[in-house]
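A short worksheet on the structure shown next.
To find a chain, count down the sequence lines: A is the first, B the second, and so on, and within it residues start at 1.
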Protein chains: 2
Amino acid sequence: MTSPEKKPTQRRKRPGGRLQIRDVARLAGVSAITVSRYINNPGKVAKDTGEKIASAIKESGYIPNMVAKGLSSNRTNVVAAIIPTITNSIFADLVSGLSDGLEDNGHRLLIAESGYSLEREMELIQTMIAQRPAGLVVTGQVHTEHGAELLRSIDIPVLETFETGAEPIDMCAGFSNFDASFQMVKGLIEAGYRKIGFVSAPIASNDRATRRREGYFAAMKEAGLNVVPGWVRDAKFAFREGARALGELVEQHPELEAIFFASDVLSIGGVMECQRRKIRFPEDVGICGFDDFELTAMTNPPLTTVRIPRYEIGHKAAAMLMARLNGDETVERSVDLGFEIVWRGSTRLPPQ
Amino acid sequence: MTSPEKKPTQRRKRPGGRLQIRDVARLAGVSAITVSRYINNPGKVAKDTGEKIASAIKESGYIPNMVAKGLSSNRTNVVAAIIPTITNSIFADLVSGLSDGLEDNGHRLLIAESGYSLEREMELIQTMIAQRPAGLVVTGQVHTEHGAELLRSIDIPVLETFETGAEPIDMCAGFSNFDASFQMVKGLIEAGYRKIGFVSAPIASNDRATRRREGYFAAMKEAGLNVVPGWVRDAKFAFREGARALGELVEQHPELEAIFFASDVLSIGGVMECQRRKIRFPEDVGICGFDDFELTAMTNPPLTTVRIPRYEIGHKAAAMLMARLNGDETVERSVDLGFEIVWRGSTRLPPQ
DNA sequence: TCATTAAATGATACCGGTAACATTAGCGCC
DNA sequence: GGCGCTAATGTTACCGGTATCATTTAATGA
C-alpha cells in the first residue's frame, strides 16, 4: 500500500503558500539575491535587470515576506507603541501622528493599551520586545523598576512621550506638564482668582497627572495662596466624571472662584454640568481645561485651556525614531514641543 | 598584522543579540526543541523537565523571538486592522475592543489608518499582507476591486466591520446602518416630524454613511414625505463641521422641524451651534444623532441618538478571528450586533 | 521474558529572506 | 598586456525558531 521509497527531503513544505522571492527570481532569470537587492535598493542592480525584475514582480503579484526579512536582517519595520488607552483622544491624536510619520518611512505600528497601569505596561514591554520591533514608544517617564530596566537594556531606540521633565531613558518628546499647569494657574491668579479648585486624573501610575498637580500646588504656593484639601479632586477620564467633580466642588466649596480641570475630558464634562445646573461661567465660577480639545472652542462661552501638541508629539516621535534607525546618532535626546495657554471666555483674562 | 588563519564559519554572527532558545536549553540541560515544546505546550514535557526550563527562563530573562517563530511556524501572533481614522472615537472604541480581545489570546494588534480612502485602504492591505498577519480586520464592506481581490485571495481570516448588509468576503461583524437610520427617521416621523434634514459624512468611499443616507431616504419615501435636496448635507468628521451644517440648514431651510445628524461628532457640533445661536431644541428644532457618544447623554436636554455596539464589534471581531485560528470552522460568517434608538429630550418622542 | 505501545526527548532540515564573501566582466592606466 | 579597481551578480550559510521524524525510556501485558 504505502510505497517504500522515501522522498529525500522534499523542497517545498507549503505548496499553498505565497510566492517567494525565488519564484520572482526565476521569472526574471536572475538569482534571488538580485531580486532582494532590487527591492531594497534598486540602484544596486543594472537598469535592464531592474526592469526585468520589476515586471516579474508586477506580473506575479509578489508580496514580500517581512517576517522572513525581519529574521534574516535582524531588523523589522514595525514600531511598537504602548499607550494608556486609545479612547482618550489625546492618545488617539498621538497615535495618528505616529502612524503618519511611520507610514511615510515604510514602517508599521503595533499598539497596545496599558489601561493606566504601570504593571500592565511592564508586561506589554515584554510582549512587545518579543516582536522585535525597530523602536518602542511609551507614555510618560515613570515605569516600574523592571519595566525601566527592560527599556534600558534593549538595543533599539526607546521614546518616552508626553513628558520631558526627567532625564529620558533613551529619548523623549513632549512638554513639561508641570510648567503648563503652573503657567495656567499663574495666569488665573493674575486674572484675579484666589480660590482655585483643581481636578485631575488619578495620579497613581500617571506621571503626567502628577506633574500637573504639582504645577498647581507650586503656583498657588508661589502666590502665597492657601489650598484647602477639598479643592483638589480626582476624576477618572470620562465626561461624566468631570461633571460629577464640578457638582461636588460647587456644592461643597461654594467659595471657589475658578476650577482648573487638568484634562479637557473633565472640563467638558464640567461645562455640561454647569449648563444643566444653570451655573454661569465665568460669572459664577471660572472654568478652564487642559488639552485643547476641538470642543473647547465651541462651548458658550469657549473654554480657556492649555493647547498641547498631541499630534506633533507622535509625528516628532516617529521622526526621531526614523532618524536613529537611519544611523543618525546626533538626534536630540529630549525634545520639548511646548504648550500654549489659550485664554478664552470661560475665565476672566489676565491683564494685557 | 592580520592573522592569516580563516575561521571556518563562526557560529554566532550577532554576539550582541538577545538570548536564544538554545541558551535557555543549555542552561536547563535539555535540547532547544524541548524548550520550544515547554513554551508552547507545557503539558508536552515531563514535570521536572518543565520546572528546570521554567527556572532557566526566569533566571536568564529569556524573551522569545516571535519573528523567528512566525517564520518557522508560518503563523504569526499579529492581527492587522485597517480603519479610516483612529481619531474618530467610534473607531477608537472598536480598536479598544479588538485590542482587549486579542491580548487575551496572546495576539498583538497592528493598525493603520486609511483616511477614508479606498485606494489607501488597498495599499494598506498589501503592506499588511507583507507582515503575514494571522488575521485582517477592515472597515465596511466596500473596497476597491483589487483590494477585494486581495482580501479574497489571502488564506487568513478576514473580517469586515461596522456593516452587515452585504455578503461578507469572509466574515463580518457590525449592524445594519440602513436599518438603524431608517428606524431613527421612522421614529421621528411617528413623533410628528415631517420636514427632516439629514447631515452625514461624505458618502464617497464610505459605505456606512451611504447606507445611513439610504435609510433616511427610504423612511421618508415610505411615509410619503418629500425630501428637498437642500435638506441633505455633507460634513466631514469634525465638531465644527456639524456646527457649520446646522447653521446653514437653519438659515437656508427654516422650515425644517428636525435635523438628523448621522454621526454624533456632527450632532454634538450642531448642539453647540444651537447654544451659541440660542436655538432651543426640541422647541425650535428637533436634533438627533448617531453613535451614542458619552457626551450625548450630557447635553441639556440630552440627545436622542442611535446606540451602536462600537466596543462590542471589536471584541466580537477578535473572538471570531481567534475561533477561526483555533480551527473552528463553524464560526458564523455574518454577525449582526444590533443597535438601539435612544430617545431623549432633544426631540419629541414617538407615541408610547 | 520480550514484543508492543506510549511518553519524553533529541537530531536535522527547513521557513524565506539577507549578510558576507566570491566571482565575473569591463575599464583605465602605466 | 597585465594589474588593480569597480560594478553587477551569484553562492553559501545563516537568522532563531519549529515540523518532522527518529530515538530512548518506561510501562503494559500475554
Side-chain angles (χ1 to χ4, degrees), chain A residues 2 6-26 28-53 57 60 62-77 129-132, chain B residues 2 6-26 28-53 57 60 62-77 129-132:
Chain A
T2 58
K6 184 182 159 190
K7 289 246 181 73
T9 308
Q10 45 232 66
R11 192 73 192 134
R12 287 280 164 67
K13 249 200 303 195
R14 299 159 188 168
R18 295 212 148 255
L19 237 55
Q20 300 185 11
I21 204 167
R22 286 162 174 83
D23 302 316
V24 176
R26 196 178 311 117
V30 297
S31 71
I33 189 70
T34 302
V35 177
S36 169
R37 282 197 189 100
Y38 173 76
I39 290 173
N40 293 297
N41 191 347
K44 285 273 179 187
V45 306
K47 204 175 169 204
D48 58 337
T49 310
E51 284 163 6
K52 277 189 293 181
I53 295 173
I57 290 177
S60 64
Y62 170 67
I63 298 181
N65 183 333
M66 304 311 275
V67 179
K69 177 172 179 157
L71 178 61
S72 126
S73 65
N74 201 25
R75 62 175 2 210
T76 63
N77 66 340
I129 291 175
Q131 306 293 332
R132 299 297 190 270
Chain B
T2 57
K6 185 181 161 191
K7 290 247 181 72
T9 309
Q10 47 232 67
R11 192 75 192 131
R12 288 279 164 69
K13 247 199 305 196
R14 298 160 189 168
R18 297 213 144 254
L19 237 54
Q20 301 186 10
I21 204 168
R22 287 163 173 83
D23 302 316
V24 176
R26 195 177 312 117
V30 296
S31 71
I33 188 70
T34 302
V35 177
S36 170
R37 282 196 190 100
Y38 172 77
I39 291 173
N40 293 297
N41 191 347
K44 286 274 179 187
V45 305
K47 203 174 170 206
D48 57 337
T49 308
E51 283 164 6
K52 276 189 294 182
I53 295 174
I57 290 177
S60 64
Y62 170 68
I63 298 181
N65 183 333
M66 303 311 275
V67 179
K69 176 170 181 159
L71 177 61
S72 120
S73 65
N74 201 28
R75 62 176 1 212
T76 64
N77 66 341
I129 290 175
Q131 306 293 332
R132 300 296 189 271

Q. Under 4.0 Å between a side-chain N/O of B:Y62 and OP1 or OP2 of D:dG17, yes or no?
A. yes
**Q.** Results of side-chain hydrogen bond (donor to acceptor under 3.5 Å, both in side chains) for B:T34 - residues two or more places apart only
**A.** B:S31
Q) Expressed in angstrom and rounded to an integer, what is the separation of A:R26 atom CZ from C:dG16 atom C1'? A) 13 Å
Q | Interatomic spacing from CD in B:E51 to OH in B:Y38 - rounded to 0.5 Å | A | 8.0 Å
Q.
Do B:D23 and B:S60 have side chains that approach each other closer than 4.5 Å (heavy atoms only, starting at C-beta)?
A. no
Q. Under 4.5 Å between any side-chain heavy atoms of A:I57 and A:I39, yes or no?
A. yes
Q) Considering only C:dA8, C:dG16, D:dG16, which nucleotide approaches the side chain of B:A46 most closely? A) C:dA8
**Q.** Test side chain to side chain contact (heavy atoms under 4.5 Å, CB included) applied to A:N65 and A:R18, step by step
**A.** CA-CA 9 Å; A:N65 183 333; A:R18 295 212 148 255; over 6 Å; no
**Q.** Distance, rounded to the nearest Å, where A:I21 contributes CD1 and C:dG16 contributes C1'
**A.** 8 Å
Q: Supply the atom-to-atom distance B:I33 CD1 to B:K44 NZ, rounded to the nearest 0.5 angstrom.
A: 12.0 Å
Q. Do the side-chain N or O atoms of B:N40 get closer than 4.0 angstrom to the phosphate oxygens (OP1, OP2) of D:dT18?
A. yes
Q) Expressed in angstrom and rounded to an integer, what is the separation of A:M66 atom CE from C:dG16 atom C1'? A) 12 Å
Q) To the nearest angstrom, how far is B:R22 atom CZ from D:dT18 atom C1'? A) 10 Å
Q. How many Å lie between CZ on B:R75 and C1' on D:dA19, as a whole number?
A. 13 Å
Q: Give the rounded distance in Å between these two atoms: NZ of B:K69 and C1' of C:dC15.
A: 15 Å
Q | Rounded distance (Å) that lies between atom P of D:dG17 and atom CD of A:Q131 | A | 13 Å
Q: Rounded to the nearest angstrom, tell me the gap between atom CG in B:N41 and atom C1' in D:dA19.
A: 15 Å
**Q.** Interface residues of residues 30-38 of chain A with DNA chain D (non-hydrogen, below 4.0 angstrom)
**A.** A:V30, A:S31, A:I33, A:T34, A:R37
Q: State the NZ-CZ distance between B:K69 and A:R132, to the nearest 0.5 angstrom.
A: 12.5 Å
Q) Does A:T49 have a side-chain nitrogen or oxygen under 4.0 Å from the phosphate oxygens OP1 or OP2 of D:dA8? A) no
**Q.** First encountered from the 5' end of DNA chain C, between B:K47 and B:A68
**A.** B:K47
